[in-house]
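Report on the structure given below.
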Amino acid sequence: METSTAMTAVQAHEHPRLRELKFTLARIFRNPSAVIGVVLLSFFIGVAIAAPYIAPPKYAHAPYKMPHKGFSPTPKAPSERFIMGTTSGQYDIFYGVVWGTRTAFKIGLFVVGIAGFVGITLGVLAGYYGGWFDEFLMRFVDIVWSIPLLVLAMTIVVAFGRGLENIMIALALVEWRWYVRVIRSEVLKLRNQEFVQAAKLMGVSDCKIILRHILPNSIYPVLIMGSMDMGSMVISASFMSFVGLGAPKGYADWGQMVALARNYIVGPSNDPLQFWYTIFFPGICIILFVLAWNLLGDALRDAFDPKLRRR
Amino acid sequence: MAVLLKAQDLTTNFYTYEGAVKALDKFSLSIDHGCTFGLVGESGCGKSVTVRSMLRVIQSPGVIEGGKVLFSEKADAEPVDLLALTEEEMESVRGDSISMIFQEPNAALNPVITIGDQVAESFLFHRVAEMSQKICDAIDSGESYGLLTPYYRAMLGVAAKNPKAPLLKFCSQVPFLKWWDKPVKKEALQRAIKIIGKLGIANPEEIVTRYPHNLSGGMKQRIVIAIALACHPTLLIADEATSNLDVTVQAQILQLLNDLKKESISSILLITHDLGVVAETCEKVGVMYAGTLCETGDVKDVFSTPLHPYTQALLTSVPKFNQEGELQSIEGSVPNLVNPPSGCRFHPRCPKAMDKCSTDKPELKELIPGHLVACHHADRVIGGLS
Amino acid sequence: MKKKIIELKGLEKHYPVFGGVLKRQVNSVKALDGIDLDIYRGECLGVVGESGCGKTTTGKAIINLHAPTGGEAIYYPEDGDPMDLAKMSNRQMKNAGIRSRLQMVFQDPTTSLNPRMLIKHIIAEPIKEQEKLSARELEKKIVSILEMVGLSRMHLMRYPHEFSGGQRQRIAVARAIAASPEFIVLDEPTSALDVSVQAQILNLLDKLRKELNLTYLFVTHHLLVVKYISTRIAVMYLGKCIETCPTDELFSNPLHPYTHALLSGIPNPEVAAEPNRIVLEGDVPSPLNPPSGCRFHTRCPFCIDVCSREEPVLLDVGNDHKVACHRQDVVKELVKEKFGIEGYF
Ligand SMILES: Nc1ncnc2c1ncn2[C@@H]1O[C@H](COP(=O)(O)OP(=O)(O)O)[C@@H](O)[C@H]1O
Ligand SMILES: Nc1ncnc2c1ncn2[C@@H]1O[C@H](COP(=O)(O)OP(=O)(O)O)[C@@H](O)[C@H]1O
Ligand code: SF4
Ligand SMILES: [Mg+2]
Ligand SMILES: [Mg+2]
């Protein structure tokens with residue numbers, strides 16, 4: 001009747017959700033950095049999926065173990081056989097970089113998945129119901145907030161032994177506190193919104209209100225944060241590996257490979273860049289991986305910015 | 001009466017994602033000295049854009065594409081085109097000759113600065129030279145400002161001639177020396193207290209030490225008015241200044257504006273969507289629709305014999321004291337100005353529309369002396385009569 | 001014989017104010033401080049007053065959106081025994097089958113509609129809570145409701161942001177009537193809208209009330225709007241009801257000085273009118289520490305000694321007209337004497 005009939009003439013038969021999705025995607029991809037992010041990310045996903053074909057594992061039962069020829073501590077420069085060279089202990093850098101992609105996704109998805117799930121559930125419940133549960137949870141979060149990640153990681157490693165899994169658990173154990181805070185503050189804003197009150201007046205149950213009204217309107221900041229976290233968790237895990245808490249020696253993990261290159265970052269005094277490949281390939285992977293997620297997160301933030309939404 | 005402000009063919013576009021929003025289309029308006037002019041229209045029809053364009057404070061995707069805004073502060077002076085001034089010259093016009101009050105007092109007041117400092121600010125911006133001169137005279141005639149009196153006298157002597165002198169700027173950066181402006185600040189605060197007191201606020205000495213959040217909505221709006229009036233502007237623009245207030249507070253503010261007009265300001269441009277406010281406080285009125293002026297003239301003429309179908313519809317859609325029968329409403333809503341209707345912008349909603357309306361844009365014509373209308377229908381009816 | 005639908009007896013709503021280190025309650029905002037009011041079936045009761053005087057709080061307390069802190073709100077169903085809503089929880093109301101009979105339409109349609117739901121789902125929500133319908137029947141019902149508020153099938157699959165303000169308010173009204181209510185609180189339903197659209201919504205609401213036999217509590221600060229749509233008016237000041245009477249009576253024979261001030265403050269769009277204003281001094285006092293005696297005495301132009309000492313009771317003066325003022329019998333002459341106002345037409 002009143003609204004711009006011109007606009008609807010073309011799009012009328014399209015399902016509105018599709019239209020909305022298209023609009024959001026158009027907004028995301030208007031941003032060149034988003035395009036770069038998505039391209040980088042697709043590249044990493046491709047590598048991760050195709051890992052068994054790009055770099056066939058030597059031991060089918062343990063593909064994450066990097067194969068090595070010999071034990072010499074001196075890295076070897078890229079050659080026909082090892083196109084990215086070998087690192088200290090003669091581990092194949094190319095193999096490690098390829099399978100390390102899978103490890104990176106594993107770390108990101110696991111940590112963000114667990115932290116996000118726990119954080120969102122607790123945050124929504126605390127924000128929506130408030131009261132003593134909210135009070136209790138927020139004090140508990142304050143306590144978690146005071147635990148240094150490194151100390152927690154060391155404790156877990158001392159208790160359960162060295163391994164990537166333990167590091168991932170340690171990261172998830174501290175990371176959820178972010179999600180609780182963010183989603184709780186979103187829910188607090190929404191809880192007294194008039195559309196939520198209207199739903200209450202109609203006798204809609206709390207469970208349906210949360211799923212239908214609260215979550216869809218509060219999830220976007222969490223998605224943005226999750227996207228950024230995918231990258232930063234990989235950095236944290238790499239750092240743990242670098243200080244010797246994470247993946248064991250020889251595990252296909254970028255951080256662990258950087259750790260292996262530790263003594264060769266600067267070569268002999270006559271040729272300081274002699275062993276550049278030991279640090280360059282895993283290092284650049286970490287940087288690009290984090291960059292990809294950050295670009296994506298930034299683009300999402302712009303696209304979901306409520307101030308920019310059409311009215 | 002002499003013309004104070006005259007906008008001619010003002011055109012403003014907003015370049016947005018969806019296309020160019022043609023918010024003002026050859027808009028013309030003129031306000032006389034000593035007149036209270038009401039500008040009415042539905043929301044989104046460009047009232048705020050009009051005044052923002054005239055003062056050149058349009059926000060970012062907006063561009064003033066053309067037109068003139070002729071302003072003659074003295075009745076017999078040669079008018080200046082505000083759109084042709086430099087930004088610096090414009091800054092001295094804003095707040096000094098023309099002031100503006102917005103709808104939201106909270107947006108206009110800084111929450112972390114006391115009321116007194118905020119009102120004094122506007123004196124410090126526009127009136128340093130005059131105040132310095134006054135203090136110099138006071139010192140010359142024997143008044144003492146403490147130990148530093150000779151220093152104050154020297155510095156203020158400079159400030160009285162040129163408040164932007166490099167020496168003053170330099171001294172303001174140096175510890176101790178930067179206190180040269182203390183007497184001026186004190187004087188500004190005194191003036192602030194005086195003007196706040198004039199606005200009917202009890203014990204202004206106490207109010208100036210408060211922060212905005214300690215005041216009620218009506219009180220805040222009065223402070224905003226005090227800031228706007230500080231430098232005795234020739235034209236006061238009030239953009240929906242009373243729309244958020246209750247009738248009782250609105251009555252206070254409108255009475256205040258009326259009293260002020262008699263003594264200190266020359267003209268008021270009152271923007272509102274409340275026809276009742278216009279009927280009671282204004283002498284002239286302009287009715288806007290979708291970026292164009294459709295009708296203007298004396299309030300009595302326009303409201304008692306509206307000629308434009310839009311004005312007629314607007315008047316029948318508000319409830320009245322002696323309302324009889326159903327309210328009439330205008331079908332549809334303000335069009336999207338990315339693709340404004342051709343011809344007369346009102347024709348898709350107009351009950352009197354003719355073929356000509358969708359093709360030709362009606363001109364603003366003086367159909368009855370002092371009563372201008374842009375409508376083909378009115379043109380035909382009145383033209384046929386005379 | 002008029003039948004009551006809701007009767008308020010000393011209804012109270014105090015919002016606690018916490019302070020100090022231990023977050024103890026130090027005071028309370030007396031948003032609603034003992035209000036007595038009868039609402040009859042099929043009427044439209046207008047509630048007017050300055051902002052902050054507790055109009056919205058009244059509406060929300062009656063339908064138990066914010067639980068009252070004291071007093072009674074008795075609901076008389078058409079079938080069955082009266083119940084005290086003030087003592088019931090949301091769940092109890094749902095179990096008694098009366099939750100959806102009391103609805104509310106909010107001031108701003110932009111915030112009262114979920115921006116991520118389609119119109120179809122917004123209207124379907126209350127219907128689904130009440131009956132199980134097949135998808136086809138449900139859609140049919142939704143369309144019939146949309147048509148009732150002047151929208152059509154074509155609007156089903158759209159998001160709220162694709163509508164104009166007036167249309168959004170129609171959707172909000174549609175959602176309220178989809179719950180098949182008996183009583184609707186309308187909280188300033190036209191204040192966020194344009195004058196030209198306001199008339200559409202007012203006419204729609206009036207039509208729906210007559211067609212569906214609804215009862216309205218119409219909250220507004222706009223007296224001419226309330227005059228147009230209401231059958232009876234209650235004037236509120238600082239959490240108290242100070243005058244109630246039929247609409248025409250209020251405009252022809254106002255008794256409370258505050259009502260006079262409100263009426264004389266209305267800007268009249270008719271240019272012939274000669275405005276004579278009662279301009280009140282100062283602002284509404286804080287509901288944290290309301291004045292003693294008559295709450296209006298700090299601003300009342302006719303205040304006498306007794307006003308600051310004793311609180312006037314809401315007195316029935318005949319003609320279905322109740323007023324709470326110590327000087328109600330002489331106010332009219334005082335107004336004429338001091339301000340030269342004889343009437344408001
Ligand atoms: N910053 C902006 N960006 C895009 N369009 C704008 C902007 N500001 C105003 N407009 C457009 O200009 C028109 C007039 O707006 P405005 O002057 O604010 O209306 P009013 O004050 O009469 O309610 C509207 O159609 C609006 O869409
Ligand atoms: N949730 C709340 N917490 C504390 N005070 C409130 C709350 N809601 C309203 N109030 C206070 O109650 C008083 C009445 O508010 P309200 O009913 O919204 O007034 P109205 O609708 O008449 O403008 C106001 O002083 C307001 O500050
Ligand atoms: S010009 Fe035509 S369309 Fe426009 S208002 Fe007049 S009659 Fe209506
Ligand atoms: Mg505006
Ligand atoms: Mg309210």
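Remember, it's a predicted structure, so these values are computed and weren't measured experimentally. Just so it is clear: chains get the letters A, B, ... in the order the sequence lines come, proteins before strands, and each one is counted from 1.
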Can you tell which part of [X] gets under 4.5 Å to a heavy atom of chain C, answering side chain, backbone, both or neither?
X        : result
B:Gln328 : backbone
B:Leu314 : side chain
B:Val277 : both

Got B:Leu293 and B:Thr296 here, is their nearest side-chain heavy-atom distance under 4.5 Å?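 Yes; the side chains approach each other to less than 4.5 Å.
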Side chain, backbone, both or neither of [X] within contact of chain B (heavy atoms, under 4.5 Å):
X        : answer
C:Glu50  : both
C:Leu280 : both
C:Val279 : side chain

Can you check whether C:His155 and C:Phe163 have ring centres sitting under 6.0 Å from each other? yes
Test item: B:Arg210 side-chain N/O and B:Asn214 main-chain N/O as donor-acceptor pair under 3.5 Å: yes
Using the ring of each side chain (for Trp, its six-membered ring), is [X] parallel, tilted or perpendicular to [Y], with breaks at 30° and 60°?
X        : Y        : value
C:Tyr159 : C:His161 : parallel
B:Phe346 : B:His308 : tilted
C:Phe339 : C:Phe302 : perpendicular

Between C:Ser196, C:Gly265, C:Gly49, C:Ser191, who has the most heavy-atom pairs with chain B when the cutoff is under 4.5 Å? C:Ser196
Taking every heavy-atom pair that is under 4.5 Å apart, which of C:Ile266, C:Leu193, C:Val197, C:Leu202 has the most such pairs with chain B?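 Of C:Ile266, C:Leu193, C:Val197, C:Leu202, C:Ile266 has the most heavy-atom pairs under 4.5 Å with chain B.
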Quick check: closest heavy atoms across C:Ala172 and C:Ser112, and the distance to 0.1 Å? CB-OG, 4.3 Å
Leading residue by heavy atom contact count with chain C [cutoff under 4.5 Å; candidates B:Gln255, B:Gln250, B:Met219, B:Lys320]: B:Lys320
